[in-house]
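This is the structure I want to talk about, given as structure tokens.
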Number of protein chains: 2
Amino acid sequence: MKKPTTIHDIAKMANVSSATVSRVLSNSSYPVSKELKERIQQIAKESNYIPNMLGKQLKKNSSNTIGVIIPSIVNPFYSSVIFGIEEVARQNNFTVIVCNSLQDPALEDEYLRTIMEKQVKGLIISSISKDKSQLTQLMKLGLNVIAIDQKIDEDNVNQIEFDYHKAGYLATKHLQEKGHERIGYVTSKLDRPSRRSIHQGYMSAMKDAGLKPLVVESQTEEVYNAITEFDTGKQLTQKLLEHSPQPTAIFACNDMMAFGVINELSQRDIQVPEQVSVMGFDGIDVGQMIHPPLTTIKQPDYEMGKMACKMLLDMMQGDDSPMFDVMLQPKLLERKSIRDIRGEGK
Amino acid sequence: MKKPTTIHDIAKMANVSSATVSRVLSNSSYPVSKELKERIQQIAKESNYIPNMLGKQLKKNSSNTIGVIIPSIVNPFYSSVIFGIEEVARQNNFTVIVCNSLQDPALEDEYLRTIMEKQVKGLIISSISKDKSQLTQLMKLGLNVIAIDQKIDEDNVNQIEFDYHKAGYLATKHLQEKGHERIGYVTSKLDRPSRRSIHQGYMSAMKDAGLKPLVVESQTEEVYNAITEFDTGKQLTQKLLEHSPQPTAIFACNDMMAFGVINELSQRDIQVPEQVSVMGFDGIDVGQMIHPPLTTIKQPDYEMGKMACKMLLDMMQGDDSPMFDVMLQPKLLERKSIRDIRGEGK
DNA sequence: TTGTAGGCGTTATCAG
DNA sequence: CTGATAACGCCTACAA
């Protein structure tokens, strides 16, 4: 395991100065005679030269790296986002550092620190912590920030959000259009802006249609966990069914929960969608593999990742054309878990 | 956006040399008087000093970063692995760079290159490319490598694998113990060692029990994609059902495919598990949310990530205690998709 | 077109 | 205990 070759080594071998080698090997526009250029490239190849980015980056004071802080990569929603980010990053010769904050503000801060130390100049974050003081301070030191999913109300932070309100509205509206009037909404704790927005979307749609809302909210705070969501879905369904008259449709705040809803209904021999319709939220793949395939709302997660990364790179290039926040629009994935009950006695 | 403070700035403010500042701020064991130490720490804090790792790392020639190359982070199996890796990495002040190779050897090589350039000294890889020449060359240059999931037959590469063979055996055996004799195996293309091992496990178990194997293999090569697996499951089930007498149990090479199997059976009004039992493979969360909950084989993915990272860090510390390859053992998750048919006329 | 030399921020060696 | 000073690998005025 000998020392790696540097531009100086190559300079010696070629009997030129290291400056010239640098100019050739870094594809500088600086003029170098063709003959020399080729010789140097040749030698570099033969000696398996690998540039040391630390040197380069120290000099340039930037690291061709972007940081991504999200609650948990295990949440398929976020892994799609990252997938999009990573794709764009790679195309631009950037590298991605992934950080799972686990919804823990302390961890989030710790990661922010490491990111700064590593001279990362761009960050995509779905932040959960209330206190944005560290973040704003770091921005003053030159950190470019794009907030995804969870809004950050600070100047110079560009947002790229989902239109949760519209999504909630859209889902509810769709159920109404299929003739449903008693539509229940089951949701995990309304302790995050995104969840509150969906809820509000539901409320607006009900109000606009002159219908009485029926909401059941879970009180347990939890870190993302598929099974928990599922169980919550079951429990909330139980509660919901205590109401009389029973709803003809149930809208769940995420797909896992919708699975729970369907499961609970089946266990009580209530047919979906014959007796009760179910609307999900998220559009995860398995939704189309269950029975009945789940009608749901799809948020463009992968696209969010790509767009976030593009915006971030623009921002870092000091592209001073003004930036705008983006609100990504939801899409209805119509499958088979909702029944059209128009024109029926019910 | 002014220049960041360096140890020199702090040195000036404290009227000491930058050497002393370095010794204090890097927690060196080098003796510094208590009084000075405190003063420097104080000033560092007041001036919001953030160390520049590029400088440090250039000097030390290492980057406190590990690289992870996997086919795709969208595959929940790999996102669990990464989750485990990231956790251990963080605890040891390491940072993780994630690379999606998309099963493309060219991309894999590209990533390897960037990783080396960034002076990353440790790599965890699930490699898909046949040609390991670049990898071995990089190892000579000091790259520490742990291979996960996909075996790499090179010296100095430590393996941490799943026991796919045993897993396949275990699954088949379980079906047999429930009285099944005509057990079909549906699998995606047997073009990877892992898949071949499961298949062989199945074959051994059938042979040991004196039963005739019944295998249907997909011929399409594909990148990981949940829906594709599902559809493949459906198609292969169709084929399988053409055989007579029909199997009483179907074992699928992954859970998504098992979902497809179940779906196809339901569509043909074949009850699971009453008429045909189904065994999955992977243990993804949603398996317990479908109907019937899927009996399956769980590979310890998260643990694999943790272990891989621990081993890698040991390796990088030049811990010269000999390393051993690890074979992680599968576990049967018994749920409701398999029926006990012992003592029946069938 | 090429070379020289200084510096990016940090640590380590060697004197004081 | 503290301080100069020389690296680490690369880039870039500036000079030739």
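The figures here come from the full heavy-atom set of this structure, side chains too, leaving out hydrogens, waters and symmetry mates. Every chain is numbered from 1, with letters handed out A, B, ... down the list of sequences. A quick note: this is a predicted structure, and the numbers were derived from the prediction, not measured.
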Tell me what A:N52 touches on the nucleic acid: a base, only sugar-phosphate, or nothing, going by heavy atoms under 4.0 Å.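 Result for A:N52 = sugar-phosphate.
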In chain order, what residues pass the ring-ring contact (aromatic ring centres under 6.0 Å, His included) check against A:F77, with sequence neighbours excluded?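 If we apply the ring-ring contact (aromatic ring centres under 6.0 Å, His included) test to A:F77, skipping adjacent residues, the hits are A:F162.
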Nearest atoms (heavy-atom pairs only) where B:V120 meets B:G67: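 Residues B:V120 and B:G67, closest heavy atoms: CG1-N, 3.5 Å.
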Within the pair B:S17 and D:dA4, is there a side-chain N or O less than 4.0 Å away from OP1 or OP2?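 Indeed not, no polar side-chain atom of B:S17 lies that close.
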Looking only at heavy atoms, which two atoms of B:T5 and B:S47 are closest? And how far apart?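 Taking every non-hydrogen atom into account, OG1-O, 3.5 Å.
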Just the rounded figure in Å: distance from P of D:dC11 to CD1 of A:I40. 13 Å
Looking only at heavy atoms, what is the nearest atom pair of B:Q119 and A:N52, with distance? CG-OD1, 3.4 Å
Distance check needed: D:dA13 P versus A:K60 NZ, whole Å only. 11 Å
What is the minimum heavy-atom distance between B:M311 and B:F324, and which atoms define it? CE-O, 3.6 Å
Taking any atom under 4.0 angstrom from a heavy atom of chain B, which nucleotides of DNA chain C are the first and last to qualify, 5' to 3'?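 Footprint of chain B along DNA chain C, 5' to 3': C:dG9 to C:dA15.
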Nearest-angstrom distance from the residue atom CE of B:M116 to P of D:dG9: 14 Å
Nearest heavy atom decides the nucleotide; on that basis, is B:K37 or A:K59 closer to the 5' end of DNA chain D? B:K37
Checking B:Q159 side chain against B:I152 main chain: does a donor-acceptor pair fall under 3.5 Å?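 Such a contact is found between B:Q159 side chain and B:I152 backbone.
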Residues in contact with DNA chain C, drawn from residues 26-36 of chain A - heavy-atom cutoff 4.0 Å: A:Y30, A:P31, A:V32, A:S33, A:L36
Would you classify B:K56 as touching base, sugar-phosphate or nothing, given that sugar-phosphate means primed atoms plus P, OP1 and OP2, and contacts are heavy atoms under 4.0 Å? sugar-phosphate
For A:Y78, the option from A:N100, A:D301, A:D149 that meets side-chain hydrogen bond (donor to acceptor under 3.5 Å, both in side chains):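 It is A:D149; the other options fail the test.
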Can you tell me the distance, in whole Å, between the CD atom of B:Q119 and the P atom of D:dG9?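 Interatomic distance, CD of B:Q119 to P of D:dG9: 9 Å.
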Donor-acceptor contact present, side-chain B:N144 to main-chain B:L312, <3.5 Å: no
For the student: nearest non-hydrogen atoms of A:S194 and A:Q150, plus distance: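 Heavy atoms only, the tightest pair is OG-NE2, 3.6 Å.
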Given atom NE2 of B:H8 and atom C1' of D:dA6, what is their separation to the nearest angstrom? 12 Å
I want to confirm an ordering. Mapping B:T6 and B:R23 to their closest nucleotides on DNA chain C, which one lands closer to the 5' end? B:T6
